[in-house]
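Here is the structure we will look at, set down as C-alpha cells.
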Amino acid sequence: MKSSLMTLRTAVILTISLAAGGVVGGLTYVSGENVPKSLLAGLATVPAGVAFLHSIIQPAQERSR
C-alpha cells in the first residue's frame, strides 16, 4: 500500500486553519481596515490556528494486527 503525502489529521488542521485565516482577514477588511492589514491579520491567524489545533486534535492510534 502506498503511503500518502499527508495524513488526514494534517489535512484537517491545515484546512481549518486556512479557513479561520480567511474569516479573520475578511472580517478585518469589512471592519474598515485596508487590504494589506487584512491580509496580515489573516496570515497571522494561520500559524496560531495550526499550533492550537495541533495541541487539541490527537493523532490516531496505531491499530494492532
L5, CG: over 12 other non-hydrogen atoms inside 6.0 angstrom: no

Distance in Å, L39 CG paired with E33 CD, rounded so as to fall on 0.5 Å steps: 12.0 Å

Reported OG-to-CE distance for the pair S3 and M6, which is rounded to 0.5 angstrom: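 It comes to 12.5 Å.
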
Test item: side-chain donor near acceptor, T28 and S31, under 3.5 Å: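 No.
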
Joint hydrophobic cluster, I56 plus L14, side-chain heavy atoms closer than 4.5 Å: yes

Shared hydrophobic cluster, V35 / L43 (ILVMFWY, side-chain heavy atoms < 4.5 Å):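 Different hydrophobic clusters.
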
Minimum-distance pair of heavy atoms, taken over all atoms of A44 and P47: O-CD, 3.6 Å

Closest approach of Y29 to N34 (non-hydrogen atoms, all atoms of both residues): CD1-C, 4.4 Å

In a table with atom names and distances, give each donor-acceptor pair under 3.5 Å that connects a side chain of residues 15-24 to protein atoms at least two apart or in another chain.
| from | atom 1 | to | atom 2 | distance (Å) |
| --- | --- | --- | --- | --- |
| T15 | OG1 | A11 | O | 2.7 |
| S17 | OG | I13 | O | 2.9 |
| S17 | OG | V50 | N | 3.1 |

pair R9-H54: side-chain heavy atoms closer than 4.5 Å: yes

